[in-house]
*Asks:* 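Here it is: the structure, laid out below.
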Amino acid sequence: MKFLVIRFSSIGDIVLTTPVVRCLKKQVPDAEVHYLTKKSYAGVVEHNPYLDKVHTLNEDFEAMLNDLRAENFDQVIDLHNNIRSLKVKRALGVPSHSFKKLNIEKWIFTTFKVNVMPDKHIVDRYLDATLAFEVKNDEAGLDYFIPEKDRVQETDIPTSHLAGYIGIVIGATYNTKKLPVEKLQELCKMIDHPIILLGGKEDRAIGEDVCNVDRHKIYNACGKFNLNESADLVRRSKLIISNDTGLMHIAAALKKPIISIWGNTVPSFGMYPYYGKRFSDKSGNGRKPFDVVEVKGLYCRPCSKIGYQKCPHGHFKCMKKIDIPKLTLLVNERLKR
């Protein structure tokens, strides 16, 4: 059976679909699995061995549809469920199964602060789109595959960090998901361990401000490495501290312990770090492989299912009130283990 899985964006959301790809490939007899995404995100899945082919969303939409029609798919698994994916499904004219976005439930939560979301991770909601094929969650967690050419060389890492470091992901698509620079500086002052800052080119300037705390202890890798190389820096780390963003999900795919920091969004949306039940904490004490750090009890939180570039209320308490000493204690506990 030939499947087309659709998820156009973004990094984290695409990584969260990888259990669907793996389970289809391994559980459906003779499954051929293709993936459709934006060209800018093709690198997230192009090295996935469970995919037979990756297609990209082109500017010439009709030409792309013609290419997809020529593949003669049997089924479409729509994990984006928007107008463009609907156009693709209509053009292909084959049976399709879609992921439920729960937009009404999210609107109620963000508008009235009443949580009517199901207690179900988005990975399991994605997998619901495959129930017709008797696919079950194999509980192996997320996948992320780093090609050999993108493995970071030791010469690209400061000598002071080669014995081990903490990775701090400082970027995010929206500012209301980002820990403010003064909080990052406070955190880095309190952590007595080598640190590598992770993010894109757009995060480099903030990274430099944070590095001013201690340029021997802190290395600013923002914008110096491509996505796969940044993922490899995540892989090599002892611990990841991250905002709610794509590298957090990559860290979970690579089975790294995570301290996740939440601002305007909340874990109840179902997008917290996902490891699968087959992955257990090496300490053997039953503790989750991730911690959640958030300011509970704010009347305005969550204010958006995605985020804003500026706090809509002007105070940004969801991040400015993050307890850095408490966060540092969590860091030290993780490092001891």
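Computed from a predicted model, the values in this text were never measured in an experiment.
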*Asks:* Evaluate the side chain to side chain donor-acceptor pair (under 3.5 Å) criterion for residues D244 and T265: first the C-alpha distance (whole Å), next the side-chain angles of each, then the deciding distance (0.1 Å), finally the verdict.
*Replies:* CA-CA 8 Å; D244 173 20; T265 56; 2.8 Å; yes
*Asks:* State yes or no: do V116 and L102 share one hydrophobic cluster built from I, L, V, M, F, W and Y residues joined by side-chain heavy-atom distances below 4.5 Å, directly or via other members?
*Replies:*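 Result: no, two separate clusters.
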*Asks:* For H97 together with F133, are the ring centres under 6.0 Å from each other?
*Replies:*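 That pair passes the under 6.0 Å test.
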*Asks:* Can you tell me how far CD1 of I218 sits from CG of N212, rounded to the nearest 0.5 angstrom?
*Replies:*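 So the gap between those two atoms works out to 8.5 Å.
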*Asks:* Is any side-chain heavy atom of K310 closer than 4.5 Å to one of N175?
*Replies:*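 Of all side-chain heavy-atom pairs linking K310 with N175, none is under 4.5 Å.
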*Asks:* Measure the shortest side-chain to side-chain distance between K178 and K183 over non-hydrogen atoms and say whether it is less than 4.5 angstrom.
*Replies:* no
*Asks:* Judged by atom type as modelled, is there a donor-acceptor pair below 3.5 Å linking the side chain of Q27 to the main-chain atoms of K136?
*Replies:*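 Yes; at least one donor-acceptor contact below 3.5 Å.
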*Asks:* Heavy atoms, side chains only, cut-off 4.5 Å: are I157 and E154 in contact?
*Replies:*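 A side-chain contact under 4.5 Å is absent here.
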*Asks:* Give the intermediate values and the outcome of side chain to side chain contact (heavy atoms under 4.5 Å, CB included) for residues L4 and I77.
*Replies:* CA-CA 6 Å; L4 176 66; I77 308 295; over 6 Å; no
*Asks:* Quick one: ring-ring contact (aromatic ring centres under 6.0 Å, His included) pairs with a partner in residues 225-268, sequence neighbours left out?
*Replies:*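 The answer is none; no pair qualifies.
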*Asks:* Mind telling me whether F290 and Y272 have parallel, tilted or perpendicular rings, with 30° and 60° as the class edges?
*Replies:*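 The arrangement is parallel - the two ring planes meet at less than 30°.
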*Asks:* How about N103: does its CG atom have over 12 heavy atoms from other parts shown lying under 6.0 Å from it?
*Replies:*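 Yes, CG of N103 has more than 12 neighbouring heavy atoms, counting only those of other groups under 6.0 Å.
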*Asks:* How close do G167 and L198 get, counting heavy atoms only, and between which atoms?
*Replies:* CA-CD1, 4.3 Å
*Asks:* Would you say the side chain of N243 lies within less than 4.5 Å of the side chain of M319, judging by non-hydrogen atoms?
*Replies:*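 Yes, at least one pair of side-chain atoms sits under 4.5 Å.
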*Asks:* Above 12 or not: heavy atoms from other molecules or residues under 6.0 Å from CG of L131?
*Replies:*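 Buried by this count: over 12 neighbours within 6.0 Å.
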*Asks:* Identify each donor-acceptor pair in which a side-chain atom of residues 184-197 lies under 3.5 Å from a protein atom, sequence neighbours left out, and give them as a table.
*Replies:*
unit_1	atom_1	unit_2	atom_2	d
Q185	NE2	D209	O	3.0
H193	NE2	K238	NZ	3.4

*Asks:* So if you build clusters from Ile, Leu, Val, Met, Phe, Trp, Tyr with side-chain heavy-atom gaps below 4.5 Å, do L65 and V5 land together?
*Replies:* no
*Asks:* Check side-chain contact (heavy atoms from CB on, under 4.5 Å) between Q153 and all other residues, then give those that pass, not counting sequence neighbours.
*Replies:* T155, D156
*Asks:* Please step through side chain to side chain contact (heavy atoms under 4.5 Å, CB included) for the pair H80 and S9, ending with a clear verdict.
*Replies:* CA-CA 8 Å; H80 206 116; S9 63; 3.6 Å; yes
*Asks:* Can you hop from I261 to I250 via hydrophobic side chains spaced under 4.5 Å?
*Replies:* no
*Asks:* Given the rule in the side chain to side chain contact (heavy atoms under 4.5 Å, CB included) test, do L68 and F73 qualify, once you have shown the distances and angles that lead to the verdict?
*Replies:* CA-CA 8 Å; L68 292 175; F73 293 107; 4.1 Å; yes
*Asks:* Once side-chain contact (heavy atoms from CB on, under 4.5 Å) is applied, do any residues pair with D323, and if so which ones, sequence neighbours excluded?
*Replies:* P325, K326
*Asks:* E294 and salt bridge (Lys or Arg N to Asp or Glu O under 4.0 Å): which partner among R301, K177, K317, K321?
*Replies:* R301
*Asks:* Once rounded to the nearest 0.5 Å, what's the spacing between atom OH of Y126 and atom CG of L79?
*Replies:* 6.5 Å
*Asks:* With a 4.5 Å limit on heavy-atom distance, are the side chains of V44 and Y144 in contact?
*Replies:* yes
*Asks:* Tell me if a side-chain donor or acceptor on N264 pairs with a main-chain N or O of P302 at a distance below 3.5 Å.
*Replies:* no
*Asks:* Below 3.5 Å, can you tabulate the donor-acceptor pairs from side chains in residues 105-112 to any protein atom, sequence neighbours excluded?
*Replies:*
unit_1	atom_1	unit_2	atom_2	d
K106	NZ	K101	O	3.3
W107	NE1	T111	OG1	3.3
T110	OG1	K106	O	3.0
T110	OG1	W107	O	3.3
T111	OG1	W107	O	2.8

*Asks:* Linking Ile, Leu, Val, Met, Phe, Trp and Tyr by side-chain heavy atoms under 4.5 Å, what else ends up with I306?
*Replies:*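 Hydrophobic cluster check, I306: joined to Y174.
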*Asks:* Looking at CD1 of I240 and OH of Y165, how far apart are the two atoms once the value is rounded to the nearest 0.5 Å?
*Replies:*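 Atom-to-atom, I240:CD1 and Y165:OH are 7.0 Å apart.
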*Asks:* Sorted by first residue and then second, give each side chain to side chain donor-acceptor pair (under 3.5 Å) pair with at least one member in residues 35-47; sequence neighbours left out.
*Replies:* T17-Y35
*Asks:* Nearest 0.5 Å, what's the NE2-CG distance between H121 and N137?
*Replies:* 10.5 Å
*Asks:* For a quick test of reading the model, state the closest non-hydrogen atom pair linking T18 to N48 and the distance between them.
*Replies:*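 That closest heavy-atom pairing would be CG2-ND2, 4.1 Å.
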*Asks:* Please answer whether the main-chain N or O of S98 pairs with a side-chain N or O of N81 as donor and acceptor at a distance below 3.5 Å.
*Replies:* no
*Asks:* Mind listing the closest non-hydrogen atom pair of L239 and I258 along with its distance?
*Replies:*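 Closest approach of L239 to I258: CD1-N, 4.3 Å.
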*Asks:* Are L179 and V210 linked, directly or through other ILVMFWY residues, by side chains that come within less than 4.5 angstrom of each other?
*Replies:* yes
*Asks:* Test your reading of the model: is there a side-chain donor-acceptor pair from N58 to the backbone of F61, 3.5 Å cut-off?
*Replies:* no
*Asks:* When you check the gap from the basic side-chain N to the acidic O, do D128 and R125 get nearer than 4.0 Å?
*Replies:* no
*Asks:* Under the ring-ring contact (aromatic ring centres under 6.0 Å, His included) rule, what pairs show up with a residue in residues 315-336, not counting sequence neighbours?
*Replies:*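 Sorted pair list: H313-H315.
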*Asks:* If only atom types and distance count, is the side chain of S260 paired as donor or acceptor with the main-chain N or O of D291 below 3.5 Å?
*Replies:* yes
*Asks:* Return yes if some donor-acceptor pair links the side-chain N/O of Y275 with the main-chain N/O of P257 below 3.5 Å, else return no.
*Replies:* no
*Asks:* At their closest point, which heavy atom of N220 faces which heavy atom of C211, and how far apart are they?
*Replies:* CB-SG, 3.4 Å
*Asks:* Between Q75 and S96, what is the shortest heavy-atom contact and its length?
*Replies:*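 In this case the closest contact between Q75 and S96 is OE1-N, 4.3 Å.
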*Asks:* With sequence neighbours left out, write down each residue that passes side-chain contact (heavy atoms from CB on, under 4.5 Å) with N226, or none if nothing qualifies.
*Replies:*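 Residues passing side-chain contact (heavy atoms from CB on, under 4.5 Å) with N226: D150, N228, E229.
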*Asks:* Which pair of non-hydrogen atoms, one from P180 and one from K320, has the smallest distance, and what is that distance?
*Replies:* CG-CG, 4.4 Å
*Asks:* OG1/T245 to CE/M271 distance, rounded to the nearest 0.5 angstrom?
*Replies:*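 So the gap between those two atoms works out to 10.0 Å.
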*Asks:* Following the transitive rule for hydrophobic clusters with a side-chain heavy-atom cut-off under 4.5 Å over Ile, Leu, Val, Met, Phe, Trp and Tyr, establish whether L36 and L92 coincide in one cluster.
*Replies:* yes
*Asks:* Please check if the side chain of K256 supplies one atom and the backbone of R235 the other of a donor-acceptor pair under 3.5 Å.
*Replies:* yes
*Asks:* Listing request: all salt bridge (charged side-chain N to carboxylate O under 4.0 Å, His left out) pairs with a residue in residues 10-27, at least two apart in sequence or in separate chains.
*Replies:*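 Qualifying pairs: R7-D13, R22-D138, R22-D143, K25-D52.
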*Asks:* For K113, look at atom NZ and say whether over 12 heavy atoms of other residues, nucleotides or ligands are found less than 6.0 Å away.
*Replies:*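 More than 12 heavy atoms, drawn from other residues, nucleotides or ligands, come within 6.0 Å of this atom.
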*Asks:* Just jot down the side-chain contact (heavy atoms from CB on, under 4.5 Å) partners of E59, sequence neighbours excluded, or say none.
*Replies:*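 Partners of E59 by the side-chain contact (heavy atoms from CB on, under 4.5 Å) criterion come out as none, since no residue qualifies.
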*Asks:* Is any side-chain heavy atom of K201 closer than 4.5 Å to a side-chain heavy atom of C222?
*Replies:*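 They are not in side-chain contact.
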*Asks:* Can you tell me how far CD1 of I6 sits from NE2 of H34, rounded to the nearest 0.5 angstrom?
*Replies:*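 One gets 13.0 Å once the value is rounded to the nearest 0.5 Å.
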*Asks:* Which pairs, with at least one residue in residues 71-89 and sequence neighbours excluded, count as a salt bridge (charged side-chain N to carboxylate O under 4.0 Å, His left out)?
*Replies:* K2-E71, K53-E71, D78-K89
